[in-house]
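Lettering of chains follows the sequences in order, A, B, ..., and the numbering in each one begins at 1. What you are looking at is a predicted structure, and each value in this text was computed from that prediction instead of being measured.
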Number of protein chains: 2
Amino acid sequence: MNDAFKALADPTRRQILRLLRDRSMSAGEVADQFNISKPSISHHLNILKQAGLVLDERQGQSIMYSLHTTVVEDVIGWMFHILGKEGKEHDDEQ
Amino acid sequence: MNDAFKALADPTRRQILRLLRDRSMSAGEVADQFNISKPSISHHLNILKQAGLVLDERQGQSIMYSLHTTVVEDVIGWMFHILGKEGKEHDDEQ
DNA sequence: TAGAGATTTAGAATATTATCTAAATATCTA
DNA sequence: TAGATATTTAGATAATATTCTAAATCTCTA
């Protein structure tokens with residue numbers, strides 16, 4: 001989950017997640033939304049993928065990226081754990 | 001909220017929040033939980049404070065740190081927004 | 001199968017972050 | 001008020017992160 005928190009620390013990556021929330025997009029479509037080079041966006045997408053926050057699937061020439069919500073739910077669980085007094089047995093990497 | 005996400009990206013700072021979840025602690029008490037120098041912990045506490053995730057209050061010689069949950073709730077709100085399809089009008093920097 | 005389009009990989013420059021030691025500041029108490 | 005305790009500030013160093021351009025890879029189609 002450390003990778004997820006690190007991935008979420010960058011505003012560009014959070015914006016990518018917001019875009020993918022509405023619909024899946026190809027890497028190029030994502031890149032078109034930013035004033036950042038395609039290789040940089042590709043790097044951000046890879047970080048999100050490593051963190052388990054997005055899935056990628058090749059469709060012909062394009063690679064489609066979509067939101068993967070499982071880890072998002074894990075992060076929410078961690079945040080709720082911080083809020084509540086109960087449930088001290090929450091797992092976390094150091 | 002960008003500051004909060006950045007603050008949460010560091011595992012030491014997340015562990016500090018977990019410690020403060022159970023009870024408020026002085027800076028020294030927090031530092032005693034880690035193999036990290038006191039100035040470094042002080043730096044982490046300051047980042048958490050700037051992000052609005054903790055509050056500090058001097059009590060005599062000590063400075064007590066406590067969890068401040070408002071921004072945690074904001075982050076949870078952002079995360080839920082990513083999960084759900086509805087509520088596209090969520091505020092976010094960037 | 002050659003070329004075009006989409007994406008990633010490689011390598012480098014710059015910026016940010018985490019950490020340390022040493023010194024400064026603030027508070028209490030004898 | 002002098003010394004002890006608690007914490008922060010300053011300044012430096014090493015590790016990470018973000019971004020770029022150029023080149024490589026993969027896929028489709030004419």
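- A donor-acceptor pair under 3.5 Å is absent between the side-chain atoms of B:R13 and the main chain of B:I47, judged by distance alone.
- Counting heavy atoms from C-beta outward, B:F80 and A:I76 have side chains that approach closer than 4.5 Å.
- Contact check for B:L67 versus B:L53: no side-chain heavy atoms found under the 4.5 Å cut-off.
- The closest donor-acceptor contact from the side chain of B:R58 to the backbone of B:M64 lies at 3.5 Å or more, if one exists at all.
- Of the residues near DNA chain D, A:R58 and A:K38, the one whose nearest nucleotide (by heavy atom distance) lies more toward the 5' end is A:K38.
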Check: protein-nucleotides 15-19 of chain C nitrogen or oxygen pairs below 3.5 Å:
| from | atom 1 | to | atom 2 | distance (Å) |
| --- | --- | --- | --- | --- |
| C:dA18 | OP1 | B:D10 | OD1 | 3.3 |
| C:dA18 | OP1 | B:R13 | NH2 | 3.1 |
| C:dA18 | OP2 | B:R13 | NH1 | 3.1 |
| C:dT19 | OP2 | B:H44 | NE2 | 2.4 |

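- Rounding to whole angstrom units, CD1 of residue B:I63 and C1' of C:dT27 are separated by 10 Å.
- Computed from coordinates, the B:Q61 CD to C:dT27 C1' distance equals 5 Å when rounded to whole Å.
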Does the side-chain contact (heavy atoms from CB on, under 4.5 Å) test come out yes or no for A:L8 and A:L17, once each step is laid out?
CA-CA 9 Å; A:L8 290 166; A:L17 292 179; 3.6 Å; yes
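- Residues A:D32 and A:K38 are paired through a salt bridge, judged by an N-O separation under 4.0 Å between the basic side chain and the carboxylate.
- The span of DNA chain D lying next to chain A, judged by atoms under 4.0 Å from heavy atoms, is bounded 5' to 3' by D:dA17 to D:dC28.
- At distances below 3.5 Å, at least one donor-acceptor pair connects side-chain atoms of B:S26 with backbone N or O atoms of B:E29.
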Assess whether side-chain contact (heavy atoms from CB on, under 4.5 Å) is satisfied between B:I41 and B:T12, documenting all intermediate values.
CA-CA 9 Å; B:I41 294 295; B:T12 299; 4.3 Å; yes
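- Within the 4.0 Å cut-off from OP1 or OP2 of C:dT8, at least one side-chain nitrogen or oxygen of A:Y65 is found.
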